[in-house]
Amino acid sequence: MVKALGNIDRRLIYLILIVLVLWPLVKPIGLPVSVGPWTRDVYNTVDTLSPGDVVIMSLDYSIGGAPDVHPQAVAMAKHVFEKGGRIIFMAFVDQGVIFIDEIVEWAESTGKVYGQDFCDVGYLAGIETAIAAMASDFYVAFPQDRRGNVTNSIAMLSGYTGIQDTKMILEFATGNPGPMEWIRQVYNLYKIPMMAGLVTVMAPQTEPYYQAGQLFGILAGLRGAAEYEIASGIPGKAAAGMDAQSLGHFVIIGFTILGNIIYAIERSQKAKKTSEVRG
Amino acid sequence: MTSDLGVWLAAIATLAIYSTLYKDNPVLKLFEHVFVGMGAAWSLVQGFQNFKTRAWVPLTTKGQYIFIIPILLGLLLYSRFNKQYSWLSRIPMSFMVGLGIGLSVRGAAESDLVRQIQAAFAPLNSLDAVILFLGTLGTLLYFVFIRGKGISWIQPVGMVGRWTIMIAFGAAFGNAVQGRISLLISRLQFLFTDWIHLIAK
């Protein structure tokens, strides 16, 4: 029995995981989701925005990490627009513009006007150097937006001289560049309040920057997005996935415990056999 | 089921990639190569757009000849494909490395050192602060390798650091698992919402 369990086919584990993750997506259970302090801090800070405030949203994530990070960006863009904030979309990862397009398409479908409520200056190559260039002179780094307009002719940017006129920075990342690069090149020099929306795996390594006050909050993965949706009172795709997330974790925890029990039993049986042979 | 060709292609690609869960197969390999190829092509197009709008257009239409220098440096990077002239690629490479290091060091001292040390000096007025203090102290002492008379206390305090590091690894692993499950949820939502309409939008 122990041996059979120890040699369980991995495909069976995958099947159990997929079935248990799919089940609550089809038939939601409604497990409660609490809003943690990281997300609460992000929500409360964004909630202080006044109409006309300019916010930078930097979508520095790739397709591989988008399921974790993109729902965060969508939830936060909704909140910023709801507060009357104006968004400058930019990306320092080439795939980021794919997700800017998705949010822009949604924003325009809700009546937001390009050039007045938001603009899209696109992707700038150079990673950390590019962030430093943008911070040092916005209009030199982005002379044109993605629609071919000269940047300093965009209506919402009249009176916007550069990074120092930014109310806050919402940085979404799956790697490099990420919050560390932004803190080094922007926060340290200009002290613009900044948050980080991250793939879950980056959250523990970024937490020290939150504790040191360099970030006003962190959104960690799909869970962070779900918490933000719930805090905003607009549950979306991320919140809908939380039952599935919880059941998925139960499966992993269950198999981890089972694997350890089997390992302990096998080890004690082996030790017993060795002592019988010797003795 | 949808009649959208794009959704069908994405669904087939998703199923092809997930077929690895059963076993390695040629369809998986095909879609892996397609994914890598598309990613490379996308990067190339975006890079070219950057070159066009930020260097070529200002050079040719506005007479900003200063852009000849970065363009030349960029071209020199390709000299590495020729054995005779490959040494030329070291010029732009050294420029990029120097600039990158200079920029990151400028900010790293404050963000990664000064501010972190300041944050570690929090008043010990809560359990969180005490754990943070002991964890930081223990972790730093775990990497102190001197041993001898009068400093024998370093090793046991270092053990606290070892446990702190283990707990941090555990948290990182838990987060990695959470991230992978999120990816699965996203794909299942796509397959069963956008493709076969089993889940309501």
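Numbers restart at 1 for each chain; the letters A, B, ... are given by sequence-line order, proteins then strands.
- Between B:F35 and B:F31, a ring centre-to-centre spacing not shorter than 6.0 Å is recorded.
- Between the side chains of B:R187 and B:T14, at least one donor-acceptor pair of N or O atoms lies under 3.5 Å.
- For chain A, no part of B:A168 is nearby; none of its heavy atoms comes within less than 4.5 Å.
- Of the candidates A:L12, A:I13, A:I18, A:L12 is the only one forming a side chain to side chain contact (heavy atoms under 4.5 Å, CB included) with A:I16.
- When only modelled atom types and interatomic distance are considered, B:T2 and B:D4 share no side-chain donor-acceptor pair under 3.5 Å.
- Heavy atoms of A:L22 lying under 4.5 Å from chain B belong to its backbone as well as its side chain.
- Heavy-atom pairs under 4.5 Å with chain A were tallied for B:Q116, B:M96, B:Q49, B:K23; the largest tally goes to B:Q116.
- No part of A:V199 comes within reach of chain B, as not one of its non-hydrogen atoms sits under 4.5 angstrom from that chain.
- For chain B, the nearby parts of A:Q95 are the backbone and the side chain; heavy atoms of each come within less than 4.5 Å.
- Note: B:S111 leads B:A119, B:S111, B:G107 in heavy-atom pairs under 4.5 Å with chain A.
- Counting heavy atoms of neighbouring residues, nucleotides and ligands inside a 6.0 Å radius, atom CH2 of A:W106 exceeds 12 of them.
- Only the backbone of B:T20 comes within less than 4.5 Å of a heavy atom in chain A; its side chain stays farther off.
- Among A:D68, A:V97, A:V251, A:D94, the residue with the largest count of heavy-atom pairs under 4.5 Å with chain B is A:D94.
- Other residues, nucleotides and ligands place no more than 12 heavy atoms under 6.0 Å from the CZ atom of B:F169.
- Considering only heavy-atom pairs separated by less than 4.5 Å from chain B, the leading option among A:V201, A:N188, A:I253 is A:N188.
- For the residue pair B:S182 and A:Q245, a side-chain donor N or O sits within less than 3.5 Å of a side-chain acceptor on the partner.
- Proximity to chain B involves both the backbone and the side chain of A:L124, based on heavy atoms less than 4.5 angstrom apart.
- Heavy-atom pairs under 4.5 Å with chain B were tallied for A:Q185, A:E128, A:Q205, A:Q211; the largest tally goes to A:Q185.
- Residues A:W182 and A:F92 place their aromatic rings such that the two centres sit under 6.0 Å apart.
- In this structure, A:R11 forms a cation-pi arrangement with B:Y22, its terminal cationic atom sitting closer than 6.0 Å to the ring centre and no more than 45° off the ring axis.
- Chosen from A:L17, A:I98, A:I63, the residue pairing most often with chain B at heavy-atom distances under 4.5 Å is A:I98.
- Contacts between B:R115 and chain A at a heavy-atom distance below 4.5 Å involve backbone atoms as well as side-chain atoms.
- Neither the backbone nor the side chain of B:L191 comes within contact range of chain A; no heavy atoms are under 4.5 Å apart.
- When the shell of 6.0 Å around CZ of B:R162 is examined, it contains 12 or fewer heavy atoms from other residues, nucleotides or ligands.
- No other option in A:G148, A:A238, A:A141 has as many heavy-atom pairs under 4.5 Å with chain B as A:A141.
- Only the side chain of A:P143 comes within less than 4.5 Å of a heavy atom of chain B; its backbone N, CA, C and O stay farther away.
- Between the side chains of A:H249 and B:Q178, no donor N or O sits under 3.5 Å from an acceptor N or O.
- Ranked by non-hydrogen atom pairs under 4.5 Å with chain A, the options B:V57, B:D112, B:V45 are led by B:D112.
- We find that A:K191 and B:E110 are joined by a salt bridge, their nearest charged nitrogen and carboxylate oxygen being less than 4.0 Å apart.
- Only the side chain of A:R10 has a heavy atom closer than 4.5 Å to any heavy atom of chain B.
- When heavy atoms are compared at a cutoff of 4.5 Å, A:Y187 approaches chain B solely by way of its side chain, counted from C-beta outward.
- Residue contact with chain B, scored on non-hydrogen atoms closer than 4.5 Å, involves the backbone and the side chain of A:K237 alike.
- Between A:I100 and A:M90, the closest side-chain pair of non-hydrogen atoms is not below 4.5 Å.
- Only the side chain of A:Y14 comes within less than 4.5 Å of a heavy atom in chain B; its backbone stays farther off.
- When each of B:L103, B:L183, B:T193, B:V177 is scored by its heavy-atom pairs under 4.5 Å with chain A, the top score falls to B:L103.
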